[in-house]
Amino acid sequence: MQAKLRIGLAEQTLLAALGQAAVYSEKHSTPPPNIQSPLEEAVKIVKQAYSVLPVYDKIVPALLSDGVWNLPNTCSFTLGVPVGPMLAKPTKGVSEIVQKFQNTEYTCEFKYDGERAQIHYLEDGSVEIYSRNAERNTGKFPDVVAAVSRLKKSSVGSFVLDCELVAYDREKQKILPFQVLSTRARKNVVMSDIKVNVCIYAFDMLYLNGRPLIQEELKVRRECLYESFEEEAGFFKFASAITSNDIDEIQKFLDAAVDGSCEGLIIKTMNKDATYEPSKRSLNWLKLKKDYMDSIGDSLDLVPIAAFHGRGKRTGVYGAFLLACYDNNNEEYQSICKIGTGFSEAVLEERSASLRSKVIPKPKSYYRYAETITPDVWFEPTEVWEVKAADLTISPVHRAAIGIIDPDKGISLRFPRLVRVREDKTPEQASSSEQVAEMYSSQSHNQSNNQDDNEDD
DNA sequence: GTTGTCTGCCCC
DNA sequence: ATTCTGC
DNA sequence: GCAGAATGGGCAGACAAC
């Protein structure tokens with residue numbers, strides 16, 4: 001049994017406890033008047049302080065020496081220490097956005113498919129780059145360090161930049177897929193060894209020339225951003241943005257984003273509730289991707305052919321399933337992905353019960369999958385599930401459409417989740433290998449997709 | 001040296 | 001990453 | 001509405017096995 005007692009999982013709970021403890025042991029000052037619930041207020045203060053300075057070695061001593069009520073003064077944003085990146089909430093369509101933000105000025109930006117980065121530039125010219133999870137990435141991106149140092153304007157002596165690092169082909173002047181970005185080396189990278197270039201797509205500024213901007217409105221922060229850097233193709237660009245509240249215009253912008261190899265849009269208010277909220281998935285930022293929308297985006301009908309026992313709250317039911325598409329030519333089921341999300345507890349219980357009676361001792365001879373995949377149980381092919389995905393990718397392990405796109409690699413799904421059970425389909429009516437290959441080819445990265453160069457007339 | 005397997009306060 | 005659920 | 005807990009693909013690195 002490996003019980004990893006590790007702080008960080010129930011972080012919010014721990015911070016709450018810390019805040020309450022601080023109130024009970026408070027001996028420095030009394031809570032400000034006008035406070036209804038000192039306990040709740042203290043929790044807020046501690047959480048706020050931590051989000052801006054996530055260092056227990058600073059927070060706890062500050063609590064002990066100067067008390068909770070002074071914490072906003074004793075623990076504030078510090079250059080060189082990463083703050084939690086502001087997150088966005090999924091949204092189902094343009095109409096939901098227009099409705100939620102009516103009477104409010106808001107902006108839409110491209111959501112680039114790369115790696116989030118928070119770049120700190122200190123007065124002494126040193127640079128630190130942090131990942132979405134506050135990992136120190138500086139050694140992975142010496143090219144980014146050089147680019148920001150070169151492209152900041154001379155008036156800029158310090159800054160914190162929020163941006164997306166995206167793989168980029170500077171000859172063809174186009175964005176490359178996330179899968180290409182992830183092939184970059186991760187440690188002690190030297191400039192001359194870099195094979196995959198990145199372009200910085202900047203969208204926010206949290207600090208400039210000694211001035212914290214977190215509590216400023218986006219309008220102000222963006223102004224600071226635009227005035228602090230020179231753009232340069234293939235190296236540093238501001239995220240494409242429009243300010244509009246017109247449904248059609250936003251819809252067109254979303255299409256443009258997808259055409260431009262982006263995942264979708266991020267929508268942000270400019271003035272109202274427009275401060276930078278570290279780590280919070282508050283309503284302030286929304287994300288819109290095609291695969292969130294009903295009846296649009298890639299949807300496939302797939303057959304569960306195996307499963308894995310669940311853990312934790314999934315103990316006693318299956319926790320994940322291996323899915324396959326059907327290859328009509330070879331009359332075989334080819335693995336395409338595992339799936340473990342999108343099930344309500346009731347549906348998961350149902351499916352587990354139903355498939356438990358379809359367990360077979362060995363995989364069928366007509367199941368095609370990698371030997372490295374070792375499910376706990378195999379099934380007779382009996383059900384068809386509708387599954388949604390953000391993307392189709394060339395896979396090192398799965399076998400869907402093998403031989404069509406690539407001679408010996410199959411296709412898999414990015415972010416697969418269950419939509420519903422297709423009671424009306426038999427396994428042989430599942431998505432075919434040809435259909436999978438076709439869906440892969442028609443993605444915007446891949447060569448001949450654009451025009452209506454398609455079949456019949 | 002090569003190949004295989006597993007892990008990551010991983011990235012998405 | 002996505003999704004669901006208890007509070 | 002938020003925090004937490006289930007779960008996905010896939011990469012470089014680390015390390016074990018050969």
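Labels below follow one simple rule: chain letters A, B, ... track the order of the sequence lines, proteins then strands, and each chain is numbered from 1.
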**Report entry** A/Asp113/A/Arg414 salt bridge by N-O under 4.0 Å criterion
**Finding:** yes
Requested in this report: Taking atom C1' in both B/dT5 and B/dC9, compute the distance separating them and give it to the nearest angstrom.
Outcome: 23 Å
Query raised in the report: With respect to the side chain of A/Lys313, which nucleotide from B/dT5, C/dC4, D/dG8 is positioned closest?
Result: C/dC4
Query - A/Glu263/A/Lys290 ion pair, N-O < 4.0 Å - result: no
Requested in this report: Starting at the 5' end of DNA chain B, write a dot or bracket for each base, bracketing those in Watson-Crick or G-U wobble pairs whose two distances are under 3.5 Å and using | for partners on another strand.
Outcome: ||||||||.|||
Requested in this report: Could you work out the separation of B/dC6 and B/dC10 based on their C1' atoms and round it to a whole Å?
Outcome: 14 Å
Requested in this report: Answer with base, sugar-phosphate or nothing: what part of the nucleic acid does A/Asn137 contact at a heavy-atom distance below 4.0 Å?
Outcome: sugar-phosphate
Query raised in the report: Is a donor-acceptor pair below 3.5 Å formed from side chain A/Thr341 to base D/dT7, judging by atom type as modelled?
Result: no
Query raised in the report: If the sugar-phosphate is the primed atoms plus P, OP1 and OP2 and the base is the rest, what is the B/S/- string for nucleotides 9-18 of chain D, using protein heavy atoms under 4.0 Å?
Result: SSBBSS----
Query - Minimum-distance nucleotide to A/Asn133 side chain [options: B/dC10, D/dA3, D/dA6] - result: B/dC10
Query raised in the report: In residues 376-389 of chain A, what residues come within less than 4.0 Å of DNA chain D, judged by heavy atoms?
Result: none
Report task. Classify the nucleic acid contact of A/Lys289 as base, sugar-phosphate or nothing, counting any heavy atom under 4.0 Å across all strands shown. Result -> sugar-phosphate
Report summary line: note: A/Leu87, atom CG; D/dG1, atom P; distance rounded to Å ~ 17 Å
Query raised in the report: If the C1' atom of D/dA3 is compared with that of B/dC11, how far apart are they to the nearest Å?
Result: 22 Å
